[in-house]
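Below: one structure, written as structure tokens.
No experiment lies behind these values; they were computed from the predicted model shown. Quick note on labels: first sequence line is chain A, next is B, and so on, each numbered from 1.
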Amino acid sequence: MKPLGRQFYCRDTVEVAKDLLGKLLVREVNGRMLVGRIVETEAYGAHNDPASHAYRKKTDRNAVMFGEQGRAYIYFTYGNHFCLNATARDNLPAGAVLIRAMQPIEGIGSMMQNRKTSVLTNIGSGPGKLTQALKITREQNSADLCTKGELYIARSNDKMNSKIGKSSRIGIVRAVDKKWRFFIEENLHVSRKLKTNDRNQQVRV
DNA sequence: CTCTCGATGCACT
DNA sequence: GTGCATCGAGAGA
């Protein structure tokens, strides 16, 4: 499996968010391969995006969002969970794509152990869940996703003729007018369960 | 099935 | 001290 090149991430963050759908998230831990197919993403910008961690100045936490494209930006939230982003931007000073859901492909037994569940649709159906399934913590923060290693993103053989949907981003209160969440329609059952109101906001791209 | 609510650590004001 | 880019349990329908 060949990692996506740096140039893939050196484009408009919203475009990268759409194009990451269907790609393979690859994690090597203790010589074991864990692979998931990305089915839900969200774009986060810089000073143009009040919902982004990079809306204000560069700090210790958000520094990776201001750095090289194609790296893992991982943060800890709600006292319990890690969330995984891929840094991506064109002309703005910062930007990243949050990986919100994945469909388990390989190493499913290990993922089930990591998640303490045997329910397939409960392994990667949420940003905090998929990091737990893949044993991703702040130790992987700033890891290079363009190099074969402990964490990277690879092209998939799947032809991308899937229907793509979009909506407002989940769990934020600012900039709800931006429809920067993207997902593969037929994999909605793998995405996080949404409130009825959020589901009604979803439209076709 | 749906919705509400509390846990929990830490960055930032 | 305040506010989260969340999750799972529990209650109600």
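- No donor-acceptor pair closer than 3.5 Å links the side chain of A:N187 to the backbone N or O of A:G22.
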For residues 105-114 of chain A, run the donor-acceptor check on the side chains, cut-off 3.5 Å, and write out each pair with its distance to 0.1 Å, sequence neighbours left out.
from   : atom 1 : to     : atom 2 : distance (Å)
A:S110 : OG     : A:R32  : NE     : 3.4
A:N114 : ND2    : A:S110 : O      : 3.4
A:N114 : ND2    : A:A133 : O      : 2.7

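- Rounding to whole angstrom units, CD1 of residue A:I172 and C1' of C:dG3 are separated by 14 Å.
- Atom C1' of nucleotide C:dC4 and atom OH of A:Y44 are separated by 11 Å, given to the nearest angstrom.
- One N or O on the side chain of A:T41 and one on the backbone of A:A17 form a donor-acceptor pair closer than 3.5 Å.
- C:dA5 atom C1' lies 10 Å from atom CZ of A:R174, rounded to whole Å.
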#### Entry: Sequence-aligned protein contact record of nucleotides 7-13 of chain B, with B where the base is within under 4.0 Å of a protein heavy atom and S where only the sugar-phosphate is
BBBSSSS

Anything under 3.5 Å between a donor and an acceptor, one on a side chain of residues 68-75 of chain A, the other on a protein residue two or more places apart or in another chain? List them.
from  : atom 1 : to     : atom 2 : distance (Å)
A:E68 : OE1    : A:R71  : NE     : 2.8
A:E68 : OE1    : A:R71  : NH2    : 3.1
A:E68 : OE2    : A:R6   : NE     : 3.4
A:Q69 : NE2    : A:R89  : O      : 3.1
A:R71 : NH1    : A:S142 : O      : 2.9
A:Y73 : OH     : A:H53  : ND1    : 2.8

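- Separating the CD1 atom in A:I172 from the CZ atom in A:R181 is a distance of 11.5 Å, to the nearest 0.5 Å.
- C:dG3 atom C1' lies 13 Å from atom OH of A:Y75, rounded to whole Å.
- Going from atom CD of A:Q132 over to atom C1' of C:dG8 covers 11 Å, rounded to whole Å.
- The separation between A:N85 atom CG and C:dC4 atom C1' is 15 Å, rounded to whole Å.
- Side-chain N/O atoms of A:R115 include one lying less than 4.0 angstrom from OP1 or OP2 on C:dG8.
- In terms of position on DNA chain C, the residue among A:K129 and A:L98 whose nearest nucleotide sits closer to the 5' end is A:L98.
- Here the P atom of nucleotide C:dA5 and the OH atom of A:Y73 are 9 Å apart, to the nearest Å.
- Between A:L84 atom CG and C:dT6 atom P the separation is 14 Å, expressed in whole Å.
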